K.L.:
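Before we start, here is the structure in question, set down as structure tokens.
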Amino acid sequence: MKVTNNSKALQGVRSKGRAVYIPPGETRDVDLEGVDLEKAKRLRFLKIEGVSKAASNQDGDGPKTALEVLEMAKDQNVQFMSFKSAAKKLLGDKTPGTKDEIVAALEDLATKPGA
């Protein structure tokens with residue numbers, strides 16, 4: 001996919017275990033997926049084009065079901081913002097602010113048919 005650095009400084013993204021540096025105002029083809037893609041999406045000054053649904057739904061990029069997101073809450077290696085981002089994909093604008101409230105909302109969602 002194409003990644004454009006819209007900041008005034010050299011920026012780097014991780015791709016397949018190594019750093020790819022992008023000078024200010026330039027665009028590079030970068031193979032981003034999973035956690036690397038999720039981290040790059042958080043950087044507002046990067047414009048990422050060509051993100052496919054398949055890349056967005058890979059294991060490292062956020063589970064699809066409420067139960068999988070609840071498992072993220074138990075994993076001490078998962079940062080809160082990654083957990084909250086995955087929960088927001090399921091809960092939308094109604095996503096609560098605290099971890100306990102998010103867990104409760106996900107548990108409620110998991111008990112509904114089709115969750």
Side-chain angles (χ1 to χ4, degrees):
M1 59 198 64
K2 299 208 179 283
V3 180
T4 303
N5 176 9
N6 292 316
S7 78
K8 295 180 180 181
L10 181 69
Q11 298 297 326
V13 294
R14 305 263 331 148
S15 174
K16 297 187 176 186
R18 45 185 286 260
V20 176
Y21 293 98
I22 307 168
E26 290 192 19
T27 301
R28 293 265 168 94
D29 282 319
V30 182
D31 187 13
L32 292 174
E33 52 187 43
V35 174
D36 294 336
L37 176 59
E38 192 63 34
K39 287 179 180 179
K41 284 181 180 179
R42 293 182 198 159
L43 303 174
R44 297 178 193 259
F45 47 80
L46 294 180
K47 180 179 179 185
I48 303 172
E49 298 176 281
V51 178
S52 68
K53 278 269 192 197
S56 295
N57 289 332
Q58 291 190 356
D59 292 342
D61 184 40
K64 298 177 188 174
T65 68
L67 292 175
E68 289 171 322
V69 178
L70 284 168
E71 287 300 314
M72 289 177 71
K74 298 174 189 174
D75 188 345
Q76 293 182 355
N77 294 322
V78 176
Q79 295 181 355
F80 173 72
M81 291 308 291
S82 297
F83 163 70
K84 186 174 180 179
S85 174
K88 189 167 183 144
K89 290 177 184 178
L90 296 172
L91 300 172
D93 292 335
K94 296 182 245 176
T95 305
T98 68
K99 185 174 181 177
D100 291 339
E101 291 171 333
I102 294 170
V103 168
L106 289 169
E107 287 172 345
D108 183 49
L109 182 64
T111 61
K112 293 180 182 177

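What you see is a predicted model, and the numbers here were worked out from it, not measured in a lab.
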K.L.:
Listed by chain and number, what are the side-chain hydrogen bond (donor to acceptor under 3.5 Å, both in side chains) partners of Glu26, not counting sequence neighbours?
P.N.:
none
K.L.:
Rounded to the nearest 0.5 Å, how far does OG1 of Thr65 lie from CG of Leu90?
P.N.:
7.5 Å
K.L.:
Which atom pair, heavy atoms only, marks the closest approach of Lys88 to Thr95?
P.N.:
CA-OG1, 3.3 Å
K.L.:
Taking all heavy atoms of Pro24 and all of Ser7, pick out the closest pair and write down the distance.
P.N.:
CB-O, 3.4 Å
K.L.:
Check whether Asn5 reaches the backbone of Ala9 with its side chain - one donor and one acceptor, N or O, closer than 3.5 Å.
P.N.:
yes
K.L.:
What is the distance from atom CG of Asp75 to atom CG of Leu70, rounded to the nearest 0.5 Å?
P.N.:
13.0 Å
K.L.:
Please identify each residue that fulfils side-chain hydrogen bond (donor to acceptor under 3.5 Å, both in side chains) with Asp29, with sequence neighbours left out.
P.N.:
Lys2
K.L.:
Applying salt bridge (Lys or Arg N to Asp or Glu O under 4.0 Å), name anything that partners Lys8, two or more places apart in sequence or on another chain.
P.N.:
none
K.L.:
Quick check: do Ser82 and Arg42 have side-chain heavy atoms less than 4.5 Å from each other?
P.N.:
yes
K.L.:
With sequence neighbours excluded, tell me which residues meet salt bridge (Lys or Arg N to Asp or Glu O under 4.0 Å) with Lys39.
P.N.:
none
K.L.:
To the nearest 0.5 angstrom, please state how far the CE atom of Met1 sits from the NZ atom of Lys47.
P.N.:
14.5 Å
K.L.:
Once rounded to the nearest 0.5 Å, what's the spacing between atom CD1 of Ile22 and atom OG1 of Thr27?
P.N.:
8.0 Å
K.L.:
For Ser15, check side-chain hydrogen bond (donor to acceptor under 3.5 Å, both in side chains) against everything at least two apart and list the hits.
P.N.:
none
K.L.:
If you measure from CG on Leu106 to CG on Leu91, what distance do you get to the nearest 0.5 Å?
P.N.:
5.0 Å
K.L.:
Output all residues satisfying side chain to side chain contact (heavy atoms under 4.5 Å, CB included) with Asp36, sequence neighbours left out; order by chain, then residue number.
P.N.:
Arg14, Leu32
K.L.:
Among residues at least two apart in sequence or on other chains, which ones pass salt bridge (Lys or Arg N to Asp or Glu O under 4.0 Å) with Lys99?
P.N.:
none
K.L.:
Does any non-hydrogen side-chain atom of Leu37 lie less than 4.5 Å from one of Lys41?
P.N.:
yes
K.L.:
A quick test of your reading: do over 12 heavy atoms of other residues, nucleotides or ligands sit less than 6.0 Å from CZ of Phe45?
P.N.:
yes
K.L.:
Asp31: which residues meet the side-chain hydrogen bond (donor to acceptor under 3.5 Å, both in side chains) condition with it, sequence neighbours left out?
P.N.:
Lys16
K.L.:
Could you tell me which residues satisfy salt bridge (Lys or Arg N to Asp or Glu O under 4.0 Å) with Glu101, sequence neighbours excluded, listed by chain and number?
P.N.:
none
